2 protein chains.
Amino acid sequence: LRQQLNATPQLHPKAGALRHTPIAGVILTNGEVDAVAGLLSMREGSPFTVYAHEKVLAILKANSIFNVLSETNVRRQPIEISEPFEPRLPDGARSGLEVLPFAVPGKSAWYLEGKAHPGGETGDGDTLGLKITDKATGKCFYFIAACAEVTDALKAEIDGAALVFFDGTVWQDDEMIKCGLGHKTGKSMGHVAMSGDGGAIARLADLALDRKMFLHINNSNPALLPASPERKAAEQAGWQIPADGTEIVL
Amino acid sequence: LRQQLNATPQLHPKAGALRHTPIAGVILTNGEVDAVAGLLSMREGSPFTVYAHEKVLAILKANSIFNVLSETNVRRQPIEISEPFEPRLPDGARSGLEVLPFAVPGKSAWYLEGKAHPGGETGDGDTLGLKITDKATGKCFYFIAACAEVTDALKAEIDGAALVFFDGTVWQDDEMIKCGLGHKTGKSMGHVAMSGDGGAIARLADLALDRKMFLHINNSNPALLPASPERKAAEQAGWQIPADGTEIVL
């Protein structure tokens with residue numbers, strides 16, 4: 001997207017415009033607190049659009065605090081699984097991007113455990129992956145920030161991609177428990193581990209992916225440490241763990 | 001509180017304890033997003049207590065996202081107007097502080113406009129001031145982060161105080177509109193202006209207050225700028241606008 005940002009002056013803050021931000025839209029791929037709480041820090045007066053599946057929009061609607069983003073300025077647009085859409089700029093101009101949401105194994109947000117899901121208990125939509133394509137060049141990448149299991153369907157979806165960003169929350173499913181950080185496993189949070197037989201590294205090893213990068217890495221994950229054996233193992237398997245500020249050009 | 005913090009080793013992060021924080025409690029004095037959203041960034045595994053009036057606790061309860069703070073670790077304790085309480089440390093030890101909540105003119109949270117208030121429409125509790133006393137020395141100060149009007153009752157409450165922190169959101173009621181920053185006035189957000197006949201500076205001028213400091217200052221308020229005439233006027237009236245990191249010893 002960086003290339004897009006540089007080429008599109010509307011996506012920089014407007015000179016002299018107080019409280020303008022260049023953020024034209026936010027795509028929510030799940031309803032977890034780390035995916036949605038940032039909305040509460042957004043500028044309410046600078047128009048943008050929130051794109052999310054109805055299951056996630058239902059959570060926002062059921063939580064009145066998200067009304068800090070008045071729907072006059074901040075439109076909430078439902079997105080559907082397998083239905084590509086083109087995000088628009090606040091002035092209605094085309095972004096030049098096509099975004100295709102697809103279902104990914106996951107679970108509803110942790111804070112809804114034991115509560116009724118505002119968007120209903122059944123059906124996909126709580127966890128999405130995105131295929132994002134530059135309509136001018138046809139170049140595309142995949143963004144999958146949460147994924148509970150690498151299924152064959154998911155493998156088929158992303159095989160051959162030039163770039164995949166993939167959920168790298170934990171190295172081992174029970175690392176938080178082992179470290180004494182809490183009682184949650186990766187799976188209970190909807191995240192497949194990097195390592196192990198069913199882990200992302202092993203399960204995606206046989207795909208033709210030009211670049212594969214982990215994101216959404218928890219601070220319990222030893223692969224975050226540049227000098228760790230786990231980082232080395234991930235890199236030897238062809239994965240990158242990008243540093244903050246990394247720019248990627250497709 | 002700084003003095004307290006330095007004297008109380010339990011209030012520092014525990015050496016070697018992963019994800020421990022020294023925050024023993026949070027007192028919510030209103031339900032606005034800037035008062036409550038920070039809860040979503042708190043450590044859920046390090047026990048603490050949220051103290052708030054039932055009207056504000058009802059808002060937290062109605063917004064399921066706040067369940068990220070499991071009530072197993074994060075107790076929610078109702079506080080009552082005019083009923084002093086002593087916050088406890090997570091291990092049950094006394095803090096040595098007495099906190100007295102009192103009603104302050106205000107309004108319910110902005111994001112509830114046009115919605116039913118989860119805590120009911122009537123009665124005080126949406127906006128509190130706090131009198132905080134060191135039980136060992138009897139020294140105390142007042143904390144009033146939101147205040148829609150300086151009433152005679154409020155003046156009587158704080159008269160003679162050694163230190164008052166007071167709502168300094170806006171300099172003039174309509175400054176956000178004049179600057180083109182939005183359509184909200186200070187009053188519509190529940191904040192009395194610093195300046196003007198009914199403003200905090202004028203209304204509190206005849207009280208005997210050793211130190212008076214503005215806090216909760218909006219970035220539209222010209223008194224935030226150290227070289228502004230408004231800053232000068234506030235300081236000439238005996239007010240301080242503390243810099244980040246200021247330490248105060250009573």
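Lettering follows sequence order; numbering is per chain, from 1. All figures in this text were calculated on a predicted structure; none of them were measured in a lab.
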>> Between A/His191 and A/Asn218, do the side chains contain a donor N or O and an acceptor N or O under 3.5 Å apart?
In response: no

- Would you call B/Glu113 and B/Lys107 a salt bridge, taking side-chain N to carboxylate O under 4.0 Å as the test? yes

| Sidechain N-carboxylate O distance under 4.0 Å for A/Arg75, A/Glu71 | no

Bottom line for A/Glu32: the part with an atom under 4.5 Å from chain B's heavy atoms is neither

Scored by heavy-atom pairs under 4.5 Å with chain B, the best of A/Leu181, A/Ile65, A/Asp34, A/Val36 is A/Ile65

In terms of heavy-atom pairs under 4.5 Å with chain A, the winner among B/Asn63, B/Asn219, B/Leu69 is B/Asn63

- B/Tyr51 ring center within less than 6.0 Å of B/Phe85 ring center: yes

